[in-house]
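Written below as structure tokens is the structure these notes are about.
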There are 2 protein chains.
Amino acid sequence: MLTLAQQVAPEPAAPLPDHAEQHECYRWHTEGDDRGTSQPEGTLNVITTRDIAERLGISVSTVGRALADDARISEETKFRVRQTASEMGYVGNRAARMMRGASSNVVALVIPDIRNSFYSTIAHELSKNMAAEGFQLMLSETDDDRMVELRHLRELSANRVAGVIIVPTARPHSESVKLLRAVPHLQLLRRHPSLGSQWFGVDDREALHRATAHLVALGHTRIAYLGGPEELPTGAERLRGFRAALEEGGLADDAGRAELGPPSSVHHGREAVRRLLQEPAAPTALVLGSIQLTLGVLEELSAQGVKVPGELSLVGFGDEPGFSWWGPGLTTIGLPIQEMATSCALWLLRRLKNGPENDGPYTSVSPGSLVLRGSTAPPDGKASSKSS
Amino acid sequence: MLTLAQQVAPEPAAPLPDHAEQHECYRWHTEGDDRGTSQPEGTLNVITTRDIAERLGISVSTVGRALADDARISEETKFRVRQTASEMGYVGNRAARMMRGASSNVVALVIPDIRNSFYSTIAHELSKNMAAEGFQLMLSETDDDRMVELRHLRELSANRVAGVIIVPTARPHSESVKLLRAVPHLQLLRRHPSLGSQWFGVDDREALHRATAHLVALGHTRIAYLGGPEELPTGAERLRGFRAALEEGGLADDAGRAELGPPSSVHHGREAVRRLLQEPAAPTALVLGSIQLTLGVLEELSAQGVKVPGELSLVGFGDEPGFSWWGPGLTTIGLPIQEMATSCALWLLRRLKNGPENDGPYTSVSPGSLVLRGSTAPPDGKASSKSS
DNA sequence: ACCTGTTGTGCTAACGTTAGCATTGCTGGA
DNA sequence: TCCAGCAATGCTAACGTTAGCACAACAGGT
């Protein structure tokens with residue numbers, strides 16, 4: 001069978017190595033019989049307004065104004081300029097324009113990890129809304145490391161991004177705070193007081209409160225919570241919601257068990273749930289506090305063949321594609337990320353258009369919802385309501 | 001119970017509306033008793049080298065050289081400049097530097113949709129590798145629309161990005177081709193001849209060939225393929241692999257049935273598999289040609305309660321978290337996206353460092369692998385090998 | 001005393017674009 | 001005939017940074 005590489009280059013067929021053995025196979029073609037351009041790429045001399053002006057025998061100003069559709073330029077000149085610009089492949093230089101005081105058309109999204117579907121959804125909504133208004137999106141991943149965050153913010157500042165939407169690390173560096181102060185910005189999901197009071201988030205406490213209360217109502221008395229560390233604002237809120245629900249349910253202090261750790265580690269989710277199940281008085285119910293942890297827990301429970309909700313009732317976090325078909329269907333905490341992201345985008349766009357006017361403290365809290373499926377039941381093992 | 005908003009603003013508690021009813025609740029605080037800075041944000045006058053020079057009574061050149069750690073500047077001056085720069089919160093203006101011929105430190109990733117985990121994995125790897133070398137990542141989503149793609153490429157060109165990694169649409173606009181020609185670029189996964197011969201992709205044909213051959217070997221004689229349109233290079237290759245395997249298996253022409261459609265529509269996956277199962281001579285096996293279609297199919301089969309592999313053998317595409325715990329475990333086509341993305345990043349970095357030298361046609365083809373789980377079996381219904 | 005080299009710094013131009021002001025040629029009213 | 005007014009365009013400076021060249025001060029060798 002022919003492979004793609006062989007189709008592309010009609011050289012004598014050097015058979016490809018075994019697929020199972022290596023991951024990549026490189027091919028340098030020595031001759032350029034390829035359909036692609038033969039010009040050295042990336043070396044194209046860039047066209048400026050001056051080039052156009054010289055070609056047409058007019059001044060740079062006129063060219064600039066014609067391209068900007070200035071009213072003072074005759075239609076005929078405009079037409080000739082535009083035509084020539086197009087012919088010569090002119091592309092305006094935004095860096096030069098920026099130096100004349102214009103602001104950039106780039107906004108940045110600073111998040112822990114784009115692979116988390118939470119954040120990729122946000123990135124998508126943001127990108128879509130921003131692109132519609134002519135803005136480009138810059139993506140910076142912090143990996144929840146404040147120094148990485150700082151490095152990114154330095155770069156973003158140097159690039160003079162017009163705005164920043166950030167899911168901050170637990171305790172941003174003081175220089176990060178300074179840098180953000182010079183740019184319209186918005187905190188998302190997590191909130192750190194030093195970064196100002198523009199914040200869009202979810203009511204984490206309420207969300208976990210409802211999830212936990214649901215388990216309490218079913219009659220569970222040994223409930224565990226597995227979530228992010230308390231130093232993260234979201235982690236702290238979620239833990240509070242969990243504890244509050246236990247307290248309100250009149251459960252003893254030792255009824256609840258909280259296991260905190262890195263929230264974006266699938267691996268940690270697997271480890272933690274394994275430990276929990278091996279304990280002498282293992283919990284009969286488990287609430288989760290992050291998507292990645294949920295993914296890990298689901299993997300581990302599947303692997304171990306734990307019966308849900310028979311042996312363990314489970315409330316997940318977030319609502320990923322696989323959650324609905326996992327085991328009996330995963331009861332989970334659903335969050336309106338898409339709507340939130342859109343709101344963020346619109347807020348930032350308005351802020352960028354209107355300037356700092358009316359730019360007082362601003363906060364938007366979205367509530368979560370409890371999506372009831374089959375993974376929760378009373379502790380005796382009888383399945384409860386099952387609906388999607 | 002208190003909500004976050006109330007904690008943030010100690011105003012008389014206006015009770016939050018019912019959570020189930022609305023998605024967001026806005027709060028404008030009229031007074032700034034917030035901990036955040038009281039400076040008008042985003043209005044900070046930006047510091048330039050000139051400001052530093054004036055403060056120290058030296059020339060801009062000296063400041064510039066001190067900051068660039070030029071050997072000709074005395075250590076003492078360097079120290080004073082750096083200190084003052086830090087004090088004043090100086091952040092170099094990359095736009096100005098770019099005008100002096102320096103290239104930008106931004107590379108762009110142009111993809112259909114970041115929500116596809118395929119692409120978010122790529123974005124992550126790219127971002128990580130690029131950030132390590134001081135590059136920032138710009139994200140552009142095309143939604144598989146060539147005009148959107150064009151608009152993005154225009155913006156990217158205006159911003160003078162240093163490089164572009166692109167998953168092109170089926171038939172890029174001729175202006176897109178021109179624009180890309182001026183920038184070091186690299187095609188990923190999909191390949192369009194007009195965009196040159198730098199390409200990293202997977203052996204789509206081989207991957208689908210193996211998946212289909214696996215089903216043929218099990219004894220299936222009515223096999224369906226559900227994948228992207230033939231106009232996409234990946235779509236065409238996958239279809240070819242599917243057909244080739246059928247042919248080699250000695251099956252009649254009508255044994256195979258190909259259903260083509262939008263590859264990134266989960267909804268279309270659901271619809272299509274529903275139609276397939278209702279047909280008079282419904283297929284006994286199904287191979288999929290995209291992640292999103294696979295997600296749709298899994299949802300639909302779960303919802304309908306179709307027995308897999310009893311009633312239908314299934315080979316998915318990609319390897320998402322949920323695939324291993326879906327039903328009996330999904331046999332699927334695994335692709336080394338992570339490794340591919342890393343290779344892309346390294347290639348582009350090398351290209352950016354070394355310039356166009358040695359920049360001939362280049363192609364890298366990664367093979368896929370068949371991950372055997374429980375969703376495939378002989379047509380009589382007996383389960384085959386089950387391993388993860 | 002002169003030349004040479006070194007060290008540290010300043011001056012100036014240039015990158016591509018745009019905004020303010022000046023200039024040219026023309027039309028129409030006094 | 002002269003000038004106001006307008007339309008169309010040109011000239012120049014400025015944005016912040018950097019590279020090339022010039023310059024000043026001083027040391028060491030002849």
Side-chain angles (χ1 to χ4, degrees), chain A residues 44-82 84-85 88-106 154-162 182, chain B residues 44-82 84-85 88-106 154-162 182:
Chain A
L44 204 72
N45 266 3
V46 194
I47 309 291
T48 71
T49 46
R50 191 174 158 182
D51 298 321
I52 300 175
E54 280 173 2
R55 168 88 77 99
L56 290 176
I58 58 180
S59 75
V60 250
S61 314
T62 306
V63 174
R65 282 194 273 256
L67 292 173
D69 203 20
D70 191 303
R72 292 173 298 181
I73 302 296
S74 72
E75 283 307 320
E76 195 217 330
T77 309
K78 279 186 193 173
F79 177 78
R80 288 198 305 149
V81 168
R82 283 201 272 254
T84 313
M88 301 177 76
Y90 170 79
V91 178
N93 184 337
R94 179 116 28 206
R97 173 182 292 180
M98 275 176 66
M99 283 199 49
R100 292 283 317 170
S103 69
S104 86
N105 69 146
V106 178
R154 283 209 189 109
E155 284 299 331
L156 295 175
S157 301
N159 278 97
R160 298 291 191 271
V161 294
Chain B
L44 205 72
N45 266 3
V46 193
I47 310 291
T48 71
T49 46
R50 191 173 157 184
D51 298 320
I52 301 176
E54 281 173 3
R55 168 88 78 100
L56 290 175
I58 57 179
S59 75
V60 250
S61 313
T62 306
V63 173
R65 281 195 274 255
L67 292 172
D69 202 22
D70 190 303
R72 291 172 299 179
I73 301 296
S74 71
E75 283 306 321
E76 195 216 330
T77 309
K78 278 186 194 171
F79 178 77
R80 288 198 304 147
V81 168
R82 283 201 271 254
T84 313
M88 301 178 74
Y90 170 79
V91 178
N93 185 337
R94 185 151 272 120
R97 173 182 291 179
M98 275 175 65
M99 284 200 47
R100 291 284 316 171
S103 70
S104 86
N105 71 146
V106 178
R154 283 209 188 111
E155 283 298 330
L156 296 174
S157 301
N159 279 96
R160 298 292 191 270
V161 294

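The chains referred to below are lettered A, B, ... by the order of the sequence lines, with proteins before strands, and numbering in each begins at 1. What's counted below: heavy atoms across the whole structure, side chains too, no hydrogens, waters or symmetry copies.
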Given [N], is OP1 or OP2 found less than 4.0 Å from the side-chain N or O atoms of [X]?
| X | N | value |
| --- | --- | --- |
| S59(B) | dT9(C) | no |
| T49(B) | dT17(D) | yes |
| T77(A) | dA8(D) | no |
| S61(B) | dG10(C) | no |

Given atom [atom1] of [X] and atom [atom2] of [N], what is their separation to the nearest angstrom?
| X | N | atom1 | atom2 | answer |
| --- | --- | --- | --- | --- |
| I73(B) | dA19(D) | CD1 | P | 13 Å |
| L56(A) | dA8(D) | CG | P | 17 Å |
| M98(B) | dG16(C) | CE | C1' | 11 Å |
| D51(B) | dT17(D) | CG | C1' | 13 Å |
| L67(B) | dT18(D) | CG | P | 8 Å |
| N93(B) | dT18(D) | CG | C1' | 13 Å |
| I58(B) | dT9(C) | CD1 | P | 8 Å |
| D69(A) | dT9(D) | CG | P | 14 Å |

Least distance between heavy atoms, [X] atom then [Y] atom:
| X | Y | value |
| --- | --- | --- |
| R82(A) | A66(A) | NH1-O, 3.8 Å |
| L67(A) | A85(A) | CD2-CB, 4.1 Å |
| V46(A) | D51(A) | O-OD2, 3.8 Å |

Minimum-distance nucleotide to [X] side chain [options: [options]]:
| X | options | answer |
| --- | --- | --- |
| R65(B) | dG10(D), dA19(D), dT18(D) | dA19(D) |
| R100(B) | dG16(D), dC21(D), dC21(C) | dG16(D) |
| R72(A) | dT9(D), dT17(D), dG16(C) | dT9(D) |
| R97(A) | dG16(D), dA8(D), dT17(C) | dT17(C) |

Of S74(A) and A68(B), the one whose closest DNA chain D nucleotide lies more 5':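 Final value for this comparison: S74(A).
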Spell out, as yes or no, whether a donor-acceptor pair under 3.5 Å connects the side chain of N159(A) to the backbone of V161(A). no
Map V63(B) and R160(B) onto DNA chain C by nearest heavy atom, then report which one ends up closer to the 5' terminus.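 Its nearest nucleotide being more 5', the pick is V63(B).
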Tell me which of G101(B) and R80(B) sits closer to the 5' end of DNA chain C, going by the nucleotide each one is nearest to. R80(B)
For the atom pair CE (M98(B)) and CE (M98(A)), what is the distance rounded to the nearest 0.5 Å?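 The CE atom of M98(B) sits 9.0 Å away from the CE atom of M98(A).
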